[in-house]
2 protein chains.
Amino acid sequence: MSLALDGFDLKLLRVLQDNAALTNQEIGERIGLSASQVSRRRQRLEQDGVIRRYRATLDPDALGLGVTAYVGVTLGAHSRENARRFREMVTAMPEVQEAHTLTGDVDYMLKVVVKDLKALSRVINDELLPHEAVQNVRSSIAMETLKDDNSLPLS
Amino acid sequence: MSLALDGFDLKLLRVLQDNAALTNQEIGERIGLSASQVSRRRQRLEQDGVIRRYRATLDPDALGLGVTAYVGVTLGAHSRENARRFREMVTAMPEVQEAHTLTGDVDYMLKVVVKDLKALSRVINDELLPHEAVQNVRSSIAMETLKDDNSLPLS
DNA sequence: AGTGAAAAACAATGGCG
DNA sequence: CGCCATTGTTTTTCACT
């Protein structure tokens, strides 16, 4: 069920997605709304779950996290139990930013962020590959990141 | 020039990365610091660029964005100018959440979020493929997303 | 390094046009 | 929806340890 979002809502979401540190007053100036209306709409959008959360975006380099990699994982035995345990492991791994099952020849695609190549190797060889469900792992390292903001397109 | 982050800083970053809507008072209670110190440390971390920004995380489903895909792009003519124009295009495309150059057989990997498969097809066939630098495009659709929080691991 | 209290800024609500 | 006023929170600064 799709909620009714009007133009103000979309503008508000666009601003908040880009910068949630602005005051309601400042947001209002940008989208043409009074601060009190911004407040009310925000609350509604939070209530309705359109806004999931607010978070700080950190700088990976400042934290010594220099390596981003995409790791494709192919499972061997496709038992329900094996898959479940693999998913549990992956979900709990802090180095894994994203994990999806994909169409195509690879079962899972992981986005991994670690300090250096040694740490990547540790993740792959000491965590992923030893898992009994895992048959094959193939990683590609991000050499350059053009864009990494994960901003949703708001029509 | 790695900045010196102590245990309090790491705890603070961990909390803020997870929930930036907490008050300094609440954060202080969690990490064992007074609100004023939380405020002071936050400002320093923002100043130093460890905290890049604050943003709202939106719910893709609530916004009618049902399809996430990874799109691998191979360039044909590897001229400097072609590559530059491709990067400009990709950076400007709102459907593209992430774009990296990768090691391996694919030149670029894009994470794309769109409304439906028709919209994905439009992005691929009407935007990516017609670009003169692009030789080949291969997309995999995320069937299930186990994790998508892009939280950095803080040792 | 840290605390606690005061001052300033802000968010949230209600009433009215 | 704008505007205004009010109330309660929250952030930030300052004095002090």
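Letters go in sequence order (proteins before strands), and every chain restarts at 1.
In this structure, Q43(A) places its CD atom 13 Å from C1' of dC10(C), rounding to the nearest Å. Here dT11(D) presents its P atom at 15 Å from CD of E26(A), a figure rounded to the nearest Å. For the pair L16(B) CG and dT11(D) P, the interatomic distance rounds to 11 Å; values are reported in whole Å. dA8(C) atom P lies 19 Å from atom CG of N24(B), rounded to whole Å. The CD1 atom of I31(A) sits 14 Å away from the C1' atom of dG2(D) (whole-angstrom rounding). For the pair R40(B) CZ and dG4(C) P, the interatomic distance rounds to 15 Å; values are reported in whole Å. Atom CD in Q25(A) sits about 12 Å away from atom C1' in dC3(D), given to the nearest Å. A straight line from CG of L33(B) to C1' of dA1(C) spans 10 Å, rounded to a whole angstrom.
Residues E81(B) and R84(B) are paired through a salt bridge, judged by an N-O separation under 4.0 Å between the basic side chain and the carboxylate.
Listed pair S36(B) / dT12(D) fails the phosphate criterion, with no side-chain N or O lying under 4.0 Å from OP1 or OP2.
In this structure, a donor-acceptor pair under 3.5 Å is present between the side chains of R42(A) and N24(A). Counting only N and O atoms by type, the side chains of Y70(B) and E98(A) include a donor and acceptor under 3.5 Å apart.
R41(B) comes within contact range of the sugar-phosphate backbone alone, with a heavy-atom separation under 4.0 Å but no base atom that close. When heavy atoms are screened at a 4.0 angstrom cut-off, G28(A) is found touching no nucleic acid atom at all.
Residues T57(A) and R55(B) meet the side-chain proximity criterion, which asks for heavy atoms closer than 4.5 Å.
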